[in-house]
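Some notes on the structure that comes next.
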Number of protein chains: 2
Amino acid sequence: MSVTVITRLTGMARWEPGTRERLQAAAMDLYLSRGFEGTTAADIAQAVGLTERTFFRHFADKREVLFGGQELLVQAFLDGVAAAGPHASPLEMIESALSAAATFFTAERRDHSRRRQVVISANPALQERELLKSAALAASLASALRSRGVPGSTATLAAESAVTVFGVTFSTWIAADEQRSFPAIQREVLRELVALADGAR
Amino acid sequence: MSVTVITRLTGMARWEPGTRERLQAAAMDLYLSRGFEGTTAADIAQAVGLTERTFFRHFADKREVLFGGQELLVQAFLDGVAAAGPHASPLEMIESALSAAATFFTAERRDHSRRRQVVISANPALQERELLKSAALAASLASALRSRGVPGSTATLAAESAVTVFGVTFSTWIAADEQRSFPAIQREVLRELVALADGAR
DNA sequence: GTCTATAGTGCGATAGAC
DNA sequence: GTCTATCGCACTATAGAC
């Protein structure tokens, strides 16, 4: 269906809205079926009736298309830090941040997360990008902790630890046989980390 | 000096040895002076009297040239795990691993590490690669811990925490005004992580 | 060693929305 | 008129295939 027809029918803008989202969905489908490297940017663009050049207007590169919407997750972490009590310890702040972030990972989302992870796990280039996103999250989180008075290196350690807990939780959550909810797993993982530092053998 | 001359003079193999090392050195110089993106693979190859094609025979991509020799560091971590006492706790195992790894970072190495980090910090693509290497290190370490009887998720958490401590230590160590030795900083950072989990406020 | 597909960029043109 | 999404074309460099 041409853009012109759509415009006439609906009276909406010249361009169909949600271009980014449609590109993201098409990319996921193609990456799943043909693999990341077997899919060209032109393939994705064509799948939604656009040109390669337009794809690169929306996404800096072929990987980025899988990582849209992370800003909301980052914001949840930051809100969680802000929500911690006025005399909270760093550990309590990251506990609060992790709880806030966990609300994203509902039962309905689990399948989508699994499919996405299949694509990422199959390709080192995508893993690199995912690691960069995690590092950016840790940096934001550390900054939020510092602005709440946590000293520099402690803030970094706490933030990185939180991201580690989150990561372990996520990969447990998407495991094939896992039944527990995201928050339940996360509480358990955090407890395990604390126990580790306690030095129990 | 041409390859032929060297061959005649020394009677060694047809090609100058240490090709990888010379490419790595040339890449560092060029990345520092012109920037990573302002340097082509052909530039690097040419600087050592080789062709672009030869560069890609030695390194899978333009980034990889900065990450040679990491295997030795990984091995040091693994040896450190093995060196921990027979009844060591996971925390003691990573303590031992961190100590073993620290021996790499002598005073003489500090300047080289600093220059290298300038290049990496200036480019997200290089940061991605560095993060992938760190993730690989964490995975190897986790595997070593598991083979010493540490249960799955605890091993992952311990390994990731060790890599976090190592990373914080490294960036502190290369800071402009830092005087302490690598092992001294690292002991401090590890203590800080333990204190964090103790929940002190 | 050569050849080629693809990623990604720069720039100008178009065309509707406002 | 301005703004913005899109297209089209030319171009370089990477990286892999042959």
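A, B, ... follow the sequence lines: proteins, then strands. Residue 1 opens every chain.
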[X] [atom1] to [N] [atom2], straight-line distance once rounded to whole Å:
X       : N     : atom1 : atom2 : answer
A:Arg57 : D:dG8 : CZ    : P     : 15 Å
A:Phe59 : C:dA7 : CZ    : P     : 15 Å
A:Ile44 : C:dA7 : CD1   : C1'   : 12 Å
A:Arg22 : D:dT6 : CZ    : C1'   : 12 Å
A:Gln46 : D:dG8 : CD    : C1'   : 15 Å

Please work out which of the three classes, parallel, tilted or perpendicular, describes the rings of B:Phe77 and B:Phe166, given edges at 30° and 60°.
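Rings of B:Phe166 and B:Phe77: perpendicular, as their planes differ by over 60°.
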D:dA5 phosphate, OP1 or OP2, under 4.0 Å from A:His58 side-chain N/O:
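Answer is no, no contact under 4.0 Å.
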Phosphate contact (D:dG8 OP1 or OP2) by A:Thr51 side-chain N/O below 4.0 Å:
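For D:dG8, OP1/OP2 do not have a side-chain N/O of A:Thr51 under 4.0 Å.
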Counting distance only, does the side-chain N/O of [X] pair as donor-acceptor with the main-chain N or O of [Y] below 3.5 Å?
X        : Y        : result
A:Thr154 : A:Val150 : no
A:Arg148 : A:Ala84  : yes
A:Ser121 : A:Gln117 : yes

Should the pair [X]-[Y] be classified as a salt bridge under the 4.0 Å nitrogen-to-oxygen rule?
X        : Y        : value
B:Lys133 : B:Glu64  : yes
B:Glu128 : A:Arg63  : yes
B:Arg180 : B:Glu178 : yes

Can you measure from CG (B:Leu98) to CE (B:Met93) and round to the nearest 0.5 angstrom?
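Between B:Leu98 CG and B:Met93 CE, I get 13.5 Å after rounding to 0.5 Å.
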In Å, rounded to the nearest 0.5 Å, how long is the span from CD1 of B:Ile44 to CD of B:Gln24?
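Interatomic distance, B:Ile44 CD1 to B:Gln24 CD, rounded to 0.5 Å: 10.5 Å.
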Honestly, is B:Arg116 close enough over B:Tyr31, meaning NZ or CZ under 6.0 Å from the six-membered ring centre and within 45° of the axis?
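No, a cation-pi geometry is absent between B:Arg116 and B:Tyr31.
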Reckon A:Gly49 touches a base, only the sugar-phosphate, or nothing at all at heavy-atom distances under 4.0 Å?
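Answer is sugar-phosphate: A:Gly49 comes under 4.0 Å of backbone atoms only.
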Which parts of residues 118-136 of chain A get close to DNA chain D, meaning a heavy atom less than 4.0 angstrom away?
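By residue number: none to list.
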Summary of protein contacts for nucleotides 11-16 of chain D, nucleotide by nucleotide, where a base hit scores B, a sugar-phosphate-only hit scores S (4.0 Å, heavy atoms)
--SBS-
Report yes if the side chains of B:Asp198 and A:Asp198 come closer than 4.5 Å at any heavy-atom pair, otherwise no.
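Side chain of B:Asp198 against side chain of A:Asp198, heavy atoms only: contact under 4.5 Å found.
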Terminal axis angle for the helix from C:dG1-D:dC18 to C:dC18-D:dG1, five pairs an end, nearest 10 degrees:
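If I round to tens, the end axes sit 10° apart.
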